[in-house]
Amino acid sequence: MTEEMVAVFAGSSIRLAAPLLLAASGELVSERAGVLNMSVEGMMLLGAFAGAAGAWATGSPLLGLAIGVLAVLPLAALQAYLSITLRANQIVTGIGLNILVLGATTLAYRLLFGGRSRVEIPGLGPWAPPGLAQLPLLGEQVFRQTWLLYLGLVLVGLIAWALRHTAWGLALHAAGTAPRAADQSGLPVRRLRYGAVMVTGVMSALAGCFLSIGDIHTFTEGMTKGVGYLAIAAVIFGNWKLGRTLAACLLFGAATALQFQLPALGVDVPSALLIMLPYLLAMLAVAGLAGRQRAPAALSVPYHR
Amino acid sequence: MRHALNIWRAGMRRPAIWISLAAVLGAGAVGLVLVAAMGVPVSDALAAFADGAWGSPYAVASSLNRSLVLALVGLGFITAQRAQLTNVGGEGQIAVGGMAATAVALYGHVATLPWGLSFGLPLLAAALAGALWGGLAGYLKAWRGTNEVIATLLLSFIATWMVYGAVQSEALLRQPMTSAATLPESLPIPESTQIPLLTGDYGMPLHAGLLLGLLLMAVVGVVLRHTVLGVQLHAVGLNPRAARRAGLPVRRLVVGALVAAGALGGLAGACMLQGEQYSLKAGFSSGYGFDGLVVGLLARNSVWGVLFGALLFGFLRSGGINLEMVASVPTALVVVIQGLIIITLAGAAQAMDRQEVAR
Amino acid sequence: MSASSAAAPPLAHPPLLSLQGMGKRFGALQALDDVSLTLAAGEIHCLLGENGAGKSTLCNLIFGVYRPDQGDMALDGQPYRPQGPAQALALGVAMVHQHFSLVPDLSVVDNLLLGQARGILDRQGCAQRISELSARYGLALDPWARIEDLSVGERQRVEIVKCLMREPRLLVLDEPTAVLLPAEIASLLDVCERVAAAGCGVLLVTHKLAEIQRVAQRATVLRGGRLAARSEQPAAELDQLVRAMIARDLDSAAGPAQPERQPRVAVATRRPPVLTVDGLGVKDAEGVVRLDNFTLLVEPGEIVAVAGVEGNGQSELAAVLSGMRPATSGRFFLADQEMTHAGPRALTGAGVGVVPEDRHAEACVPALSVAENLFIDRLPEFRRFGLLDRRALARAAELLMQRFDVRAAGAQVAFGGLSGGNQQKAVMAREMTRPGLRFLLAANPTRGLDVGAVQAVYGHIRAAAHGPQRVGVLLISSELDELLAVADRVLVLYRGRVMGTARIPVADEEGLAALRQRVGQWMAGRITEGAHA
Amino acid sequence: ADPLRVGILIPGSKSDKGWMESGYDGLVAAQKAQGDKVKVQMIENINYADMEQALTNLASKNQLVIGVGGQTQAAVLKIAKRFPKTRFSIVGGNKGEDLPNVAGYDVKQAEIAFVAGAAAAMLSKNGAVSYVGGMEIPSIVNAGKEFGKGAAYINPKIKYFENYTGDFDDVAKAKEATLAAIAQGADVHYHILNLGLRGMEQAAKEKGTHIIGSYTDRCGTDPLYIAYSITGVGYQVEYAIGEAVKGSWKPGYKAFGLAMGPKASDMTICGATPAMKTRIEQIKKDIQSGKIQVLEG
Ligand SMILES: Nc1ncnc2c1ncn2[C@@H]1O[C@H](COP(=O)(O)OP(=O)(O)OP(=O)(O)O)[C@@H](O)[C@H]1O
Ligand SMILES: Nc1ncnc2c1ncn2[C@@H]1O[C@H](COP(=O)(O)OP(=O)(O)OP(=O)(O)O)[C@@H](O)[C@H]1O
Ligand SMILES: [Mg+2]
Ligand SMILES: [Mg+2]
């Protein structure tokens, strides 16, 4: 394996991990608050679609990104309303919303782009942090990425800090592990959970936009293809800790990237095996390596006084 | 019989049924509005839908066969759910079930066996394979504390790619390569290993798996509601520590619940393969495991719920196919309606529960 | 003393809190009905009543957890209708709940910051305040300890400090002393008095008459959700209060429940012990020794008490003997059969009954019915044609509920809806009626029970031990008085070690007093002569 | 006369920018050409489990049923027996069971892939080319193999990389697969992808490499594409409908490919030098004459 290949592998892993990472850290926030958002998948898809449609309609990828995020907020609010106020089963509503979004974006895509399948969608540009950009090999292959990736990293860092050092983070934790105690300490449990779901919405929208206007500058029907579910897997795998969740995302990204490196190296492995590699690794990890998982005690339990 | 009638009457008094009906009709109405917005006459759309869903003996049979698969997966889901285990692995259980059924039907020398063993043994193999797949998640849950949602989900992805791999290799299930163009599929299974058609006529290809499905539905219903095992599963799910303290075999029950769910999923796979498709292809499970999961979720722990949900989704999809063909309404619309039904039912669930408790 | 539900007598200045005609219904159950009460600033007001009388419900109405169906509340003369705890807290009302309301996997500091802090957390500053408050009220606390790792008593302290940090005008305490040791109780009552002296109103729910005697300035008694009595000088009217509470006379008059002692039935032939514990040891995940070389014989019909400050190895002992946790060393036998590695199922099958310490987590499935909970491990007995015969189950459950005085709307209601005390009684009922019961392990079986129920429970225990079954009993409790009253032998655990054991003298007041002295010393970790009998 | 009733099943999305869309384009072209003479029912996005039912619905209401893609073959063969009066055409069909009412049109993607490989080798500056396929089904795998052989035919020392993403429509994977090949030096890419092609485009755009397009000649519309291989999926749809309207529809296996002329199969290098053109034409002839042997599919 040449050095260049290693660099490409690293770059590829990061790119494949990026949408997972954005979505997973968003999902982590709401799971920590006790809401299991199976709808990350749908939120990502809607974000991807609205971002692409917005960028196409306005000609500006930045506006597209803003539109993508704005479009997901009502969906997140709906998820929150269903699972927090109506106390609906969170897995059901999540899957229902995913199905709804899949149908709706497909229909809308046909309406908007139906006859123009070769339309160009403006995308976000790449950027490399000064300094790092000059590194040989790595500068080009690893650090030159859509700037959204860097924004995402900053946001993830911010989330990590807020979870640990702010009253909001503490309140969120309480809402997820001991909502009754939180309530009796005068915290607005439901409002906290609403807020957490909205954060998930924003992060998932960013993840979706990363897929559509960030990485490949196009939208395709149902393009998330289970990335949202994998993000949830990463959260569980990460044992509801941000650092480990990020590591899980990178692992999934690397396992997927390996699928393209091995054939390029001339290693002959059945491609079915290569394609299932990320899932296989994840399975092995949750089965043993990751140890016993300890979910927030009130995860997916609606709170009612 | 009188008993059944009483259950039915009690059921009809439940507001849950009316709320569900309203949700379905409401979602359907939204769908029709969308149809109208697309410029398609509503009556045409309705006619096309009805024709596709139940317009001919063939349509009815196809819808019912599909409902059967969804019902089996849904049954598995509520079985595990009784122990508070969320089995999202239906798709993978179908996949391994299909592989096992194919393997036994083609290479298990069962084709000439008498008394229905020729198709019964592959069915059994599928159930065992599904049970193994579900049990794996159960084992991990009971002994290693692995979250079953993620385990079953990952096992689903793995199993579907296993099918992909199995039909790629002649050493596994691929048919012999007679030319470079031989498709990556298994050989068609022998006729005697196919599940017999109830009518004996391909014009109405309703197969005998339906009877098995109804039987299993009754069994699961009774076990979950009216047996010691049902209460024990429930207790284990609600408070595993207390259940262990009380001396219940917690781990065995956890594994057992997922084994049963997996077996039902495996049977669903066998029904798809031996009842309809007759040869194994990559992607043969077609997302039915996930649809069945939704049926199970919406059933809210009731076998009747599974029955109605499976019928609803089975006929909905059949109608949707025709809707697009005849009235040029994209099938995506049916997907939207499906999503709306799920969301409204889920949203109304709390209200339904309240009503039931207040009774 | 008045027993009417008419408006309370007017006070000199407007009361801090006044409740008028409060009512609350849960489904078919009228938990509270037309209850009125006033409480002045600086007053300590005791709220009494049997298990399920509605005390917690009333407290929860005041704290905004529930909304009343009827009635008006006023705080400082202003109408008071809290929409939730948040609003109650904002108006200066704080509450310590009967069941803990802390976040177990957070540190003490974080729990105290919860709901109080804004923006960026100042953990150091908070730790500082904790030290100040601890010093002021004599409530020692390690700010950085995790709640999970604290003993029940320490947790209760955290709850109280959490309330005090908010400097409330009205402090509601729902059975705060149920889990405390005598010394801790004394310091808690001191805190109450100090807080009250500073002008705060205190509403104290308790079952312990000694506490009423010590601190109560006024008292209100509930029975079946209705106002049963009110007293302006409760210390002097304890008898009447108790009578109002249970609407019948108690055998012994005032003072803590004193189950009468019966001389032990002489054992003609020494029978082999039911339980033999040989050098049992438990280390926790960090390798700290929690239980060290524990050795014990329990004879048939013998009641052995394990005393000690909570957190000195009792829970580990109970967990090992009930099969919930493996011992790291040593062995134990049931009669001749080694049970060291048996799971809970094997043990219950062999005739071991267990009343666990944490009954919410280990003893019940709240969402299942009372009947199902009562027979959770014996359901196969109710099998008919392979199906569960729910009618027979309910009948059996109702009989059992009657025998053990479990009060509920029926055998089919959810276990979780029972009041704390009735849940405890139900667990007792199940464990004591296990077929082939040979050995009973009971941890704090009377915690949270009203005086009448406490007697009943000890009656049952004694009947099991001294009756034909001759059950051996290991009784773990921190209620020293009760232990001495009911047990034949007492041993004291301190830091996982047996500090001493002694036979409890019968009908010898002086000897008992001396023993109490000695046990108290053992509990505090002081070795006196006569250890290791 | 009554219009000819045609039912068409597109298993994937009709706007997938690839095979399915190409088939759909053919349908649109046929409708335009035939006007009132045909009446069309179409259904898309059908998975295996629903395929039989969709085909049965189409077969019971139409005189000609077209399945776009080899994945419809098994189901078509099954249904065709029950509807002996309906004609069935499989676009991308292979040799197999012969039924009196089923026609299989072999698009011969492998054939043109060989030519594309040759073109790629001529166009590559680094001496390295790559191929990304979706599913590992014979037509796709064989095309990959032939692409590699075609490249080696021109330049025996050429480096060739191939990858199968398992999914014609996964954009991100197609992009990463292409990037991995680029890192190995590949500068001309060929593919059989649908929606996934967008990922390949993105990778090529970022790294300044080039793509050989498929299905339709669009030279001059996008500098990213330096050549196009034409696979007449749409042409075959048109052909089936045209034959049926004329009344000359015939059952049986029919190889399309180069033998059926440039509408069925062709190779265009955008801005090709005369030398290149001659070379390509020569290769096409050699394939047709059997001098160069290519795989089926
Ligand atoms: N935290 C725990 N949760 C669940 N099981 C535990 C735990 N810790 C230990 N165990 C193990 O559980 C095992 C089973 O206990 P138990 O006797 O209740 O089950 P059982 O009835 O024997 O069930 P099975 O037949 O499935 O083992 C014991 O061997 C014990 O070591
Ligand atoms: N959330 C609830 N749902 C249904 N019933 C309830 C609920 N809370 C309390 N009850 C019922 O209301 C009655 C009063 O309960 P409450 O908890 O106020 O009793 P308590 O006086 O605090 O008893 P204890 O001394 O046992 O704690 C009981 O019969 C109890 O079963
Ligand atoms: Mg109480
Ligand atoms: Mg065991």
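Just so it is clear, the values below take in all heavy atoms, side chains as well, and ignore hydrogens, waters and symmetry mates. All figures in this text were calculated on a predicted structure; none of them were measured in a lab. Residue numbers begin at 1 in each chain, while the letters A, B, ... track the order of the sequences.
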>> Taking side chain as everything from C-beta outward and backbone as N, CA, C, O, which of these in L82(A) sits under 4.5 Å from a heavy atom of chain B? Side chain, backbone, both or neither.
In response: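 L82(A) touches chain B through side-chain heavy atoms alone.
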Nearest 0.5 Å, what's the [atom1]-[atom2] distance between [X] and [Y]?
X	Y	atom1	atom2	answer
L136(B)	M283(A)	CG	CE	5.5 Å
F237(A)	T146(B)	CZ	OG1	11.0 Å
Q338(B)	L102(A)	CD	CG	10.0 Å
I91(A)	F77(B)	CD1	CZ	6.0 Å
N239(A)	N147(B)	CG	CG	10.0 Å

With a 4.5 Å limit on heavy-atom distance, are the side chains of [X] and [Y] in contact?
X	Y	value
V92(A)	I342(B)	yes
L100(A)	I343(B)	yes
Y164(B)	S271(A)	yes
L153(B)	I232(A)	no

> Of the non-hydrogen atoms in A346(B) and A88(A), which two are nearest, and what is the gap between them?
Replying inline: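 It is O-CB, 3.1 Å.
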Heavy-atom pairs under 4.5 Å with chain B are the metric here; pick the option from [options] that has the most.
options	answer
L230(A), L107(A), T106(A)	L107(A)
I275(A), L78(A), L277(A), I95(A)	I275(A)
T105(A), N89(A), T93(A), L97(A)	L97(A)
G226(A), G94(A), A233(A), G96(A)	G96(A)

Non-hydrogen atoms of chain A under 4.5 Å away: do they reach the side chain of [X], the backbone, both or neither?
X	answer
I337(B)	neither
M162(B)	both
S169(B)	neither
L293(B)	side chain

